[in-house]
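For reference, the structure discussed in these notes is given below.
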Number of protein chains: 2
Amino acid sequence: MRQRHLFMTLALAACAASPAFAGDVALGKQKAISCAACHGQQGLSTVPDAPNLAGQPELYVSTQLKAYRSGKRQHEVMSLMAKPLTDDDIENLAAWFASLKIQVVQ
Amino acid sequence: MRQRHLFMTLALAACAASPAFAGDVALGKQKAISCAACHGQQGLSTVPDAPNLAGQPELYVSTQLKAYRSGKRQHEVMSLMAKPLTDDDIENLAAWFASLKIQVVQ
């Protein structure tokens, strides 16, 4: 019974320690410096044809970056920006933007 | 001089009355009922591969909807959803989502 309790405690600790995101938020934040000119330092768009990225679902951001990288989705700036990204870069960027929580204020 | 004053007053009133968005926010809100299953009633995503639309720049949303409608951008659900939209529908939807102000809370 004590062993079972220990097992449960360890299992719960492991869950608590597991990252909330597939990518690395801190590395993503660092990489996102190149995105800030159009998407803002906090993921809020600074230009009319760039979307806000703050709070976007991690899967959505990684899927779109991969689509830009492969050419499936095209944009004159993003097709160039996404080209050199590794899978890890993409996962980390997606984690960073997903980690920024947003709310509707109006 | 009095005429000039009157002209300025009328010009200012016209500016104040001009809409902040190209589309009609109220009509867009009505149309957006069909978007809510994936993008939420307030434009906040309910599924991992759908983006938040609340607070997105009006031009960005209308450009993307037109890209889905023309087939330039593809997604199994969005390509179908965008197909029957008129230009007015698209402008109104873009106005509605752009009218929802967001802020980063973390």
Side-chain angles (χ1 to χ4, degrees), chain A residues 20-23 25-26 28-29 32 35-68 70-79 82 90-91 93-106, chain B residues 20-23 25-26 28-29 32 35-68 70-79 82 90-91 93-106:
Chain A
F21 301 103
V25 172
K29 180 179 184 178
C35 318
C38 299
H39 296 284
Q41 284 195 325
Q42 290 288 300
L44 296 179
S45 167
T46 63
V47 291
D49 79 332
N52 302 314
L53 296 179
Q56 292 297 0
E58 192 174 16
L59 179 67
Y60 176 75
V61 177
S62 62
T63 304
Q64 298 311 309
L65 283 174
K66 285 173 185 169
Y68 280 127
S70 73
K72 185 183 169 196
R73 186 176 174 187
Q74 302 207 337
H75 181 269
E76 56 182 353
V77 177
M78 283 309 301
S79 300
I90 288 178
E91 294 308 329
L93 283 166
W96 160 243
F97 288 118
S99 77
L100 297 163
K101 299 292 167 237
I102 60 164
Q103 67 181 20
V104 174
V105 288
Q106 174 202 341
Chain B
F21 301 102
V25 172
K29 180 178 183 178
C35 318
C38 299
H39 296 284
Q41 284 194 325
Q42 290 288 300
L44 295 180
S45 167
T46 62
V47 292
D49 80 331
N52 302 314
L53 296 179
Q56 293 297 1
E58 192 173 17
L59 178 66
Y60 176 75
V61 178
S62 62
T63 303
Q64 298 311 309
L65 283 175
K66 285 173 185 169
Y68 279 127
S70 73
K72 185 183 169 196
R73 186 177 175 187
Q74 301 207 337
H75 180 270
E76 57 182 351
V77 177
M78 282 309 301
S79 300
I90 288 178
E91 294 308 329
L93 283 165
W96 160 244
F97 288 117
S99 78
L100 297 163
K101 299 292 168 237
I102 59 163
Q103 67 181 21
V104 174
V105 288
Q106 173 200 342

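Note on naming: letters A, B, ... go to the chains in the order of the sequence lines (proteins, then strands), and numbering restarts at 1 for each one.
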Under 4.5 Å from any heavy atom of chain B, what part of [X] do you find: side chain, backbone, both or neither?
X       : answer
A/Val61 : neither
A/Ala50 : backbone
A/Gln64 : side chain

Open item on the list: Other residues, nucleotides and ligands only: do more than 12 of their heavy atoms fall within 6.0 Å of CD on B/Gln41?
Closed with: no
- [ ] Tell me, yes or no, whether the heavy-atom count around A/Lys29 atom NZ, taken from other residues, nucleotides or ligands under 6.0 Å, exceeds 12.
- [x] no
TODO: For the pair A/Ile102 and B/Leu44, evaluate side-chain contact (heavy atoms from CB on, under 4.5 Å) and give the outcome as yes or no after the intermediate values.
DONE: CA-CA 9 Å; A/Ile102 60 164; B/Leu44 295 180; 3.8 Å; yes
- [ ] Give a yes or no on whether the backbone of A/Leu59 and the side-chain of B/Asp49 come within a donor-acceptor separation of less than 3.5 Å.
- [x] no
Open item on the list: Keeping B/Gln56 on the side-chain end and A/Asn52 on the backbone end, is there a donor-acceptor pair under 3.5 Å?
Closed with: yes
Open item on the list: Run the salt bridge (Lys or Arg N to Asp or Glu O under 4.0 Å) test against B/Lys72 and tell me which residues pass, sequence neighbours left out.
Closed with: none
Open item on the list: Let me confirm one number: the NE2-CZ distance from B/His75 to A/Arg73, rounded to the nearest 0.5 Å.
Closed with: 11.0 Å
- [ ] Would you mind checking which part of B/Ser45 comes under 4.5 Å of any heavy atom in chain A, side chain (CB onward), backbone (N, CA, C, O), both or neither?
- [x] side chain
